[in-house]
Amino acid sequence: MTPMDKYDPKTVEGSWYKRWEAAGYFAPQGNGRPFSIAIPPPNVTGTLHMGHAFQHSLVDSIIRRQRMLGDKTHWQMGTDHAGISTQLIVSEQLARENLKPMDIGREAFIDRAWQWKAESEGTISTQLRRMGASLNWQTERFTLDEGLSRAVLEVFIRLYEDGLIYRGKRLVNWDPVLETSISDLEVVSEEENGHLWHFKYPLENNQGQFLVVATTRPETMLGDTAVAVHPDDVRYRHLIGQNILLPLTDRVIPIIGDHYVDQDFGSGCVKITPAHDFNDYEVGQRHQLPVINIMNTNASLNDNTPEPFAGMDRYEARQAIIKAMQELGLLADTEDHKMMVPRGEKSGVPVEPLLSDQWFVKIKPLADPAIKAVESGDIEFIPKQAENIYFAWMRDIRDWCISRQQWWGHRIPAWYDPDGNIYVGASEEAVREAAGLAPDLQLSQDEDVLDTWFSSALWTFSTLGWPDQTEALDTFHSTDIMVTGHDIISFWVSRMIMMSLRFMHEVPFKKVYIHGLVVDSEGQKMSKSKGNGLDPMDIIDGISAEQLVLKRSSNLLQQRVREKIEKSTRKEFPDGISAYGTDALRFTFYAIATRTRSMRFDLKRVEGYRNFCNKLWNAANFVFMNTSDHDLSGPSSDSIADTWIQITFDKAAHTVNQAMETYRFDLAAKAIYEFIWDEFCDWYLELCKATLLSDKSSDEQKTAARVQLLATLEKILRLTHPFMPFITEEIWQKIPAGMRQHETIMLAPYPQAGQQDETANNKVTDDINWLKQVIGAVRNTRGEMDISPARPIPLIFYNGTTEDKRRLNAYTELLSAIARPESVTWLNTGEALPVANVQLIGEMQLLVPLAGLIDKHAELQRLAKELDRLANDIKRSSGKLTNPNFINKAPEDVVFKEKLKLADFEQALKELTLQKNRISDL
RNA sequence: AGGAACGUAGCUCAGUUGGUUAGAGCAUCGCCUCGACAAGGCGAGGGUCGUCGGUUCGAAUCCGACCGUUCCUACCA
């Protein structure tokens, strides 16, 4: 057979995915146990980022392994419509044509959005395919498609009828750029520098007397409806019930007493603006204060404010008010002040609490069972710690504002008549009929759409056909596990649990695996705006430094930031990124998937695993070179190495399966890496060479080695396939057809450890470990003494046991092939010894005579160091053993082991001291 | 302010109920083109496990305090 071409991920990964998909391997099949996972639906118009790539790599390994274990697996594919993001993008597209959404109207806008969806939806699907994700594409869904929209409608109507959805005027987080309400979770607060302005508010009845209030947002004063003091505050409590003349307006507002006020902060007086502050709103409710909304939806001041402020932008108004107050002599003080500024996650501008009509889900009745489901263990979080995030959120949950003032999404199925009566139903006809409305009664549908998460919350069952009772729903719900990040627990996990319990009467998933965040090599969160993100596709395909700089900085608005990013990018990736391939990238993800909350992503790691692919590739090449053109059907006889590699493989398979059962992807990856590289390549292949290249081995032995080489390689490939799907399939297809019973490795059985005969196994592994130790000792001597591996050296075995002698006799051939001795001599205890370098293997000494080979000085130095170490060990060990407390209280086996250890140390010390004396006598 | 997590080799991280000489990869140093592989082989150096105290015969591991880093939640007008 001709050697395989050099490992190149591009050619290896080229066509397999298409073939798998075309063959229908991703669809559920067989009669095994159903096993299902629903993908957290990515944004249909989005692209795959590192977090996605990581997450889906984890899921794919789970799915592929379960499939190979014979389960009927279903990995639900689908995307969501990402209401706000998509609306924003389409609006930006319009802006480039100097158009506003209003200019083209709702219908045309939605058309544009669908158009954009059609254009961009292929991107993330293609990227998922490049990652090798074995998703079931045949049942792909989209949150706005017909079936899922029907589920949304059904849920909305039923919740409304059950009194769990209501409409009300409430204070919500308002994004003045997007002009919509947004969720608490979509607000990010960061500390910023601001000011605290102290205003003097004149008392109504005491001319010339003032209360001083402090504010970070002067513009809201026009909406003040009270000043609050603490009811116990001796400075002010007598003023409670009196009034303030609110400056710049003609309004008179009361002084109220409320425990909300902190007497020690500022002046101890607080202005109360119920329409523009969440806390003030509550104070206002308690005291029945009027709620005066002073802002328009774009955060300019409205007609409830006096001239000249009406119509001004909020920040323009702020300056104007400060100036006006100053001119009135009512500005007492201005000081610098650090404060948290809440900004809209998507728009980046400060959000406003705004009073508006919104739809809400009454959440408590949904949350209570959802909390119980986790408390009772019906749903298990992995790691367990993550439950805290869930409970913290759920136990303090507030009604969920589900209406968004947008066009792209599920329109709220509510209609209003001219009197403002609300009718909820599947369609206008439906509500007319249900309510028996006169045909000529004017009805208008609510303009708003639902929060995207409302539809995502139904994901695990809506994608399977609900509200229809489909076979898929019956088979695959509840799903087995949800894999997601901790940042999404409150957004989504909790809402799925609530909705599934309510409508399916079962949990949406039995387990939730919460993974950490992929961060850059500096520990920073990867983000577009920071320009520190990596595109998984660039790691797979490679990218030049120039293109990478361009890609990272093109989205950045500020020149300064752009330059900074360019500099750091050029520093970190001076030569760009080379093409590492999907398999290496995936393996990196498994290796870093530890239990920590964040994982630094380092390309060096990817490089290491690309090298690992190369190693596997070359090992396969070796196996094929040595097995093709040979008849493997003849009689065979396993050598110790052949038996050993089978045992060792079984152990590795056991470790991998165990790790996967506990979702320790890192341990699974480690076990695979170590078995392939350290055991199969470094030892087994070398031992096979000894057998295959020697005239002394029989045909039976050679056949056994060849069979075992192929069989082990084949098992390795199956064990590794869930993690590195491409390279394993590529190599597996080169295995002689007789050794594989399936058309694809994807459907071949996953290796599991069989029954083990511990005693027999230990005998084998002990022998191989002995051999490894002897070879290690020889290599060590060569290394320490700078003896070329090419130069044969005489080996003398001294003071060995009969077991040592048996092993030496049995494995001289193997030993010789790897250690390359000039001669092998066995000396019995008491026989005369040459002056030599000595290494201890248990009680046995391995000697390499000094003559002409070894530097006396260097050897003495080495011995001194060794003796030093032994002296230390003896001191510690005997210290323990002379401690009566240790002898009495420690378990027997621990004491016994310690005694053995000490004996070994002392024996070694004795031998090496003798040796040292002999050499220094030279 | 409240809650949580983390701190192990130069770097990134393992270390599962306390019990070997605390491990791996990368980086470093030395040797090696020996018929799979230089994207390689062989060998070596490198850690008072953040600090202090406690529990224990025994602590990287359990407890407390402190220092440092990070995240989450809520915010004071």
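All chains are named by letter (A, B, ...) in the order of the sequence lines, taking the proteins before the strands, and each is independently numbered beginning at 1.
A/Arg314 pairs with exactly one of A/His276, A/Glu219, A/Glu352 by the side-chain hydrogen bond (donor to acceptor under 3.5 Å, both in side chains) rule, that one being A/Glu352.
Of the candidate nucleotides B/G43, B/A77, B/C76, B/C76 has the atom nearest to the side chain of A/Asn279. In this structure, of B/A5, B/A77, B/U12, it is B/U12 that holds the atom nearest to the side chain of A/Arg605. Among the nucleotides B/A14, B/C57, B/A39, the one closest to any side-chain atom of A/Leu667 is B/A14. The nucleotide whose nearest atom lies closest to any side-chain atom of A/Phe886 is, among B/G19, B/A77, B/U21, B/G19. In the set B/A77, B/C57, B/A36, B/A77 carries the atom at the smallest distance from any side-chain atom of A/Asp262. In the set B/U12, B/A77, B/C76, the nucleotide with an atom closest to the side chain of A/Lys271 is B/A77. Of the candidate nucleotides B/G19, B/C37, B/A27, B/G19 has the atom lying nearest to any side-chain atom of A/Pro891. Of all nucleotides listed (B/G25, B/A36, B/A74), B/G25 comes nearest to the side chain of A/Tyr673.
Contact record, A/Ser267 with A/Tyr236: O-OH, 2.7 Å, taken as the closest heavy-atom pair. The two residues A/Pro274 and A/Gly223 have their closest heavy-atom pair at CD-O, 4.2 Å.
Across all strands shown, A/Asp396 has no heavy atoms under 4.0 Å from either base or sugar-phosphate atoms. Across all strands shown, A/Asn883 has heavy atoms under 4.0 Å from sugar-phosphate atoms exclusively, and none from any base. Nucleic acid contact for A/His276: none, since no nucleic acid atom lies under 4.0 Å from a heavy atom of the residue. Backbone-only contact: A/Arg664 has heavy atoms under 4.0 Å from sugar-phosphate atoms and none from a base. Note on A/Leu685: a base of the nucleic acid sits closer than 4.0 angstrom, heavy atoms only. Within the nucleic acid shown, A/Glu686 comes within 4.0 Å of at least one base atom, counting heavy atoms only. At the heavy-atom level, A/Trp677 lies under 4.0 Å from the strands shown only through sugar-phosphate atoms. Residue A/Lys880 is out of contact with every strand shown, counting any heavy-atom pair closer than 4.0 Å. Counting any heavy atom pair closer than 4.0 Å across all strands shown, A/Pro884 reaches no nucleic acid atom. Residue contacts shown for A/Arg876 are limited to sugar-phosphate atoms, with no base heavy atom under 4.0 Å away. Within the 4.0 angstrom heavy-atom criterion, only backbone atoms of the sugar-phosphate kind lie near A/Arg779; the bases stay farther away. Within 4.0 Å (heavy atoms only), A/Cys613 reaches no atom of the nucleic acid at all. Across all strands, A/Tyr609 comes closer than 4.0 Å to no nucleic acid atom at all (heavy-atom distances). When heavy atoms are screened at a 4.0 angstrom cut-off, A/Ala392 is found touching no nucleic acid atom at all.
For A/Arg395 and A/Phe391, the positive end sits near the middle of the six-membered ring, less than 6.0 Å away and at most 45° from its axis. A cation-pi arrangement, defined by a distance under 6.0 Å to the six-membered ring centre and an angle within 45 degrees of its axis, is present between A/Lys689 and A/Phe622.
Rounded to the nearest Å, the gap between the C1' atom of B/C66 and that of B/G23 is 30 Å. Across the P atoms, B/A39 and B/G15 are found 32 Å apart, a figure rounded to whole Å. If you take atom P in B/C26 and the same atom in B/C34, they sit 23 Å apart, rounded to whole Å. Taking atom C1' on both nucleotides, B/U16 is separated from B/C62 by 15 Å, rounded to a whole Å. Annotation: B/C71 and B/C76 have their C1' atoms spaced 23 Å apart (nearest Å). Using C1' as the reference atom, B/U28 and B/G10 are 9 Å apart when rounded to the nearest Å. Taking atom P on both nucleotides, B/A9 is separated from B/U73 by 31 Å, rounded to a whole Å. When the P atom is compared between B/G50 and B/C11, the two are found 14 Å apart, to the nearest whole Å.
Nearer to the 5' terminus of RNA chain B, by closest-nucleotide assignment, is the contact made by A/Thr594 (compared with the other of A/Gly608 and A/Thr594). Mapping A/Arg610 and A/Asp264 onto RNA chain B by nearest heavy atom places A/Arg610 closer to the 5' end of the strand.
In this structure, B/G30 and B/C42 make a Watson-Crick or G-U wobble pair, each of the two defining distances being under 3.5 angstrom. B/G35 is unpaired under the Watson-Crick or G-U wobble criterion, no partner having all donor-acceptor distances under 3.5 Å. Using N1 to N3 plus N6-O4 or O6-N4 for Watson-Crick, or N1-O2 and O6-N3 for G-U wobble, each under 3.5 Å, B/U17 pairs with nothing. With a cut-off of 3.5 Å on both Watson-Crick or G-U wobble distances, the partner of B/G2 is given as B/C72. Nucleotide B/A59 forms no Watson-Crick or G-U wobble pair with any nucleotide shown, as no partner meets the under 3.5 Å limit on both distances. Look at B/A24: its Watson-Crick or wobble partner, with both distances under 3.5 angstrom, is B/U12. For B/A77, there is no paired base (Watson-Crick or G-U wobble, both distances below 3.5 Å). Nucleotide B/G64 is matched to B/C52 when pairs are restricted to Watson-Crick or G-U wobble geometry with both distances under 3.5 angstrom.
Remark: aromatic rings of A/Tyr390 and A/Phe381 are close, center separation under 6.0 Å.
The side chain of A/Trp393 places no N or O atom within less than 4.0 Å of a non-bridging phosphate oxygen (OP1 or OP2) of B/G3. The side chain of A/Asn611 places an N or O atom within less than 4.0 Å of a non-bridging phosphate oxygen (OP1 or OP2) of B/G40. For A/Asn780, a side-chain nitrogen or oxygen approaches OP1 or OP2 of B/A44 to under 4.0 Å. OP1 or OP2 of B/C57 sits under 4.0 Å from a side-chain N or O of A/Lys889. Remark: A/Lys689 is in phosphate contact with B/A36, judged by side-chain N or O atoms under 4.0 Å from OP1 or OP2. A close approach under 4.0 Å does not occur between any side-chain nitrogen or oxygen of A/Arg600 and OP1 or OP2 of B/G25. In terms of phosphate contacts, A/Thr215 brings no side-chain nitrogen or oxygen within less than 4.0 Å of OP1 or OP2 of B/A77. Between A/Lys615 and B/G41, a side-chain N or O to OP1/OP2 separation shorter than 4.0 Å is present. Contact annotation: A/His486 does not reach the phosphate of B/A4 (side-chain N/O to OP1 or OP2, under 4.0 Å).
Contact of the A/His198 side chain with the A/Thr334 side chain is not registered, since no non-hydrogen atoms from C-beta on lie closer than 4.5 Å. You'll find the side chain of A/Val606 stays beyond 4.5 Å of the side chain of A/Ile577, heavy atoms only.
The CD1 atom of A/Ile676 sits 19 Å away from the P atom of B/A36 (whole-angstrom rounding). Residue A/Ile592 contributes atom CD1, which lies 15 Å from atom C1' of B/A24 at whole-angstrom precision. Here the P atom of nucleotide B/A14 and the CG atom of A/Asp666 are 7 Å apart, to the nearest Å.
With sequence neighbours left out, A/Glu282 forms a salt bridge (charged side-chain N to carboxylate O under 4.0 Å, His left out) with no residue at all.
In this structure, A/Arg286 pairs ionically with A/Asp258, as a charged nitrogen and a carboxylate oxygen lie closer than 4.0 Å.
The base of B/A39 sits within donor-acceptor range of the side chain of A/Lys6, with an N or O pair under 3.5 Å.
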